[in-house]
Structures are given as structure tokens and as C-alpha cells.
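Report on one structure; see the data block that follows.
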Amino acid sequence: MKQLLVVLATLLGLAVAADGAQLYSQSCAGCHGANGQGIPGAFPPLVDNPRMQDEAYVVMVIREGLSGLLEVGGQTYNGVMPPLPQISEADAKAVAAYVRALGESKTATSAPSTNPAPTPKVPSNPALATEGKVLFLGQERFKNGGAPCMACHTAGNFGPMGGGSLGRDLTDLHTRLGDAGIQGVLTNIAFPVMREIYKGHPLTPEEITALTAFFAETAGKPGNTASMDAARMLFAGLVGLLVLFGAMYLYWNNRRLGLAERIRRRNT
């Protein structure tokens, strides 16, 4: 009986690990790497990370997100991990178990060959950057029908055509994430709003490479100040209209009351 329980526990553990591996591949690998190695300067590693031993902490980060300064392995990271509330607590625990297994596997087979090759750097290519810009602005449709980036974001200073203001300004995206970080984020989108928008409409590797080249070109350049100035002018105009309508209302209301008082006195 005891042996049977051991076998069942082992099989259950393998099932949990398998589920965790699939969930990790779908929701985590794009940023933290297939082997939990992370991306230097962009996303912290999960293997050799003492915090991964705390299941409650891992579950909390997965479901509630994390932002701000974080130091792992002597390197400081300053980014934002979006919350993934669609991952249930049970599934988050499966991911935590899988991440711990990754660390144990690396320790057991510690060899230089276990380190994956770094993501190749996108070479400086003006034509490729131009292609990325065209895709970003929606002047050329994504192959799988995804929405253009400019619907929510801006990047670089392209005047009124610079993009939207619903999302973050991506001018410094390459500075913050580098080639590997951008490619990881766009390959396996984890941000809730973006994930819904591009569900069933993934970017192709060629499109991701072109966008990476575009973001590399915008790095270090001023943001889209023209669109920001236009937004400020629009806001100021709306405030002015509200003030004008308020003054007109008070004027006509007082005038109506004054006329009513004169008529009342005449009648008396």
C-alpha cells in the first residue's frame, strides 16, 4: 500500500511538472527564457534566484505583478511585470514548482553547456528600421492582421503621426530592454491588453526583427513632443470651453431672475 502511494505521488508530481512546463512556456518563457536564464539588463533570471524557493511569493508575483528595483545575482533590474490574473492560484503553484525544478536540474547538471546561446543582436540596418517604422505606424499591415502599434503607443518624434497615448511611450524601449528583451516580449506577449489584442494574430519573426531595428533607431532620440503638445492644447481648449459655458450659464441665469423680478414688481 505504501509503495502504491509513493507511485501515485510520483505520477501526480510529474503531471504537475508537465502542466507547469506548459504554462511557463506560454506565459513566462518569452521574457525569462526557456530555461529560466532571464535576459541580462531586461528580465531577471529565475534559476539561481533564492526568491523562487518561496512558493507564496512566486504565486503573488504571477497573479499580482511586480514593479520597481529588483536585485538578482548582483545585477539590478528596474522593470514592470504585468499581473496575470487569468492564471489560477493552482496553476501559479504549478509554475512555481516547475521553476524550482529548473533550478534543481541546473544544479544537478551544472555544466557550461547548459547555458543557452544569447539572442543574436539585430544588426544596424536603416532599411529594416524603416520597415519596422512602417509596421509601427500601420502604413503596412501585420501579416496575421494584428493592430498597429501606433493605436496605443508612440515611439520617436514623427509629429501627429507618432502614435497613440493610451500606452507607454516606447521611444526608449531598446535602451531598457535591448534586442533580446524586445524580441522576447513580442514573441510571447504577456501584457493583458496586448495579449487580448494579438490573440490569434501573432507577429511573425520577420516583423519582430523589423520592429526591434526600429526601436533601436529611436533609442536616445526625443519622444513625440508634437503629439504631447497637441494633447495639452486639446485639454486646455476643453477647459476653456467649460469655463466659457459656465460663465454664460451664470450670466443668463442671473438675467432671467432679474427679468422675473421686474415683472413681479410691475404686477404688484
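As a basis for the values below, the full set of heavy atoms in this structure was taken, side chains included, without hydrogen atoms, waters or symmetry mates.
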Can any side-chain N or O of [X] pair as donor or acceptor with the backbone N or O of [Y] at less than 3.5 Å?
{"X": "H174", "Y": "T212", "answer": "no"}
{"X": "T171", "Y": "G156", "answer": "yes"}
{"X": "D172", "Y": "A219", "answer": "no"}
{"X": "D54", "Y": "A56", "answer": "yes"}
{"X": "D91", "Y": "I87", "answer": "no"}
{"X": "Q26", "Y": "L23", "answer": "no"}
{"X": "T130", "Y": "P126", "answer": "yes"}

| field | Intermediate values then yes/no, side chain to side chain contact (heavy atoms under 4.5 Å, CB included), I182 and L173 | value | CA-CA 8 Å; I182 293 174; L173 184 65; 4.0 Å; yes
Rounded at 0.5 Å granularity, tell me how far [atom1] in [X] sits from [atom2] in [Y].
{"X": "C28", "Y": "L102", "atom1": "SG", "atom2": "CG", "result": "10.0 Å"}
{"X": "H32", "Y": "S27", "atom1": "NE2", "atom2": "OG", "result": "11.0 Å"}
{"X": "K143", "Y": "H201", "atom1": "NZ", "atom2": "NE2", "result": "15.0 Å"}
{"X": "R176", "Y": "F215", "atom1": "CZ", "atom2": "CZ", "result": "9.5 Å"}
{"X": "R168", "Y": "H153", "atom1": "CZ", "atom2": "NE2", "result": "10.5 Å"}
{"X": "Q37", "Y": "D48", "atom1": "CD", "atom2": "CG", "result": "11.5 Å"}

| request: Indicate yes or no: at least one non-hydrogen side-chain atom of E140 is less than 4.5 angstrom from one of E131. | output: yes
| Is the shortest heavy-atom distance from the side chain of L128 to the side chain of T209 under 4.5 Å? | yes
| request: Can you label the angle between the Y98 ring and the Y24 ring as parallel, tilted or perpendicular, going by 30° and 60°? | output: tilted
If you look at every heavy atom in [X] and [Y], which pair is closest and at what distance?
{"X": "E89", "Y": "R63", "value": "N-NE, 3.7 Å"}
{"X": "V58", "Y": "A96", "value": "CG1-CB, 3.7 Å"}
{"X": "L135", "Y": "P148", "value": "O-CB, 4.2 Å"}
{"X": "P202", "Y": "N144", "value": "O-ND2, 2.6 Å"}
{"X": "I62", "Y": "A92", "value": "CD1-O, 3.9 Å"}
{"X": "P44", "Y": "V72", "value": "CB-CG2, 3.9 Å"}

Are [Y] and [X] connected into the same hydrophobic cluster when the rule is that any two of I, L, V, M, F, W, Y join if their side-chain heavy atoms are below 4.5 Å apart?
{"X": "V59", "Y": "L66", "answer": "no"}
{"X": "M81", "Y": "V47", "answer": "yes"}
{"X": "L137", "Y": "F214", "answer": "yes"}
{"X": "Y77", "Y": "M60", "answer": "yes"}

| field | Residue pair E217, K133: steps toward the side chain to side chain contact (heavy atoms under 4.5 Å, CB included) verdict | value | CA-CA 10 Å; E217 188 179 78; K133 175 183 175 182; 5.6 Å; no
| said: Please evaluate residues F142 and L203 with respect to the criterion side chain to side chain contact (heavy atoms under 4.5 Å, CB included), reporting the C-alpha separation (whole Å), side-chain torsions for both, the decisive distance (0.1 Å), and the verdict. | reply: CA-CA 7 Å; F142 288 120; L203 303 180; 3.7 Å; yes
| task | I would like to know whether L177 and V185 meet side chain to side chain contact (heavy atoms under 4.5 Å, CB included); could you show each step before the answer? | result | CA-CA 9 Å; L177 302 184; V185 167; 4.1 Å; yes
| query | Near R51 CZ, under 6.0 Å, is it more than 12 heavy atoms from other residues, nucleotides or ligands? | reply | yes
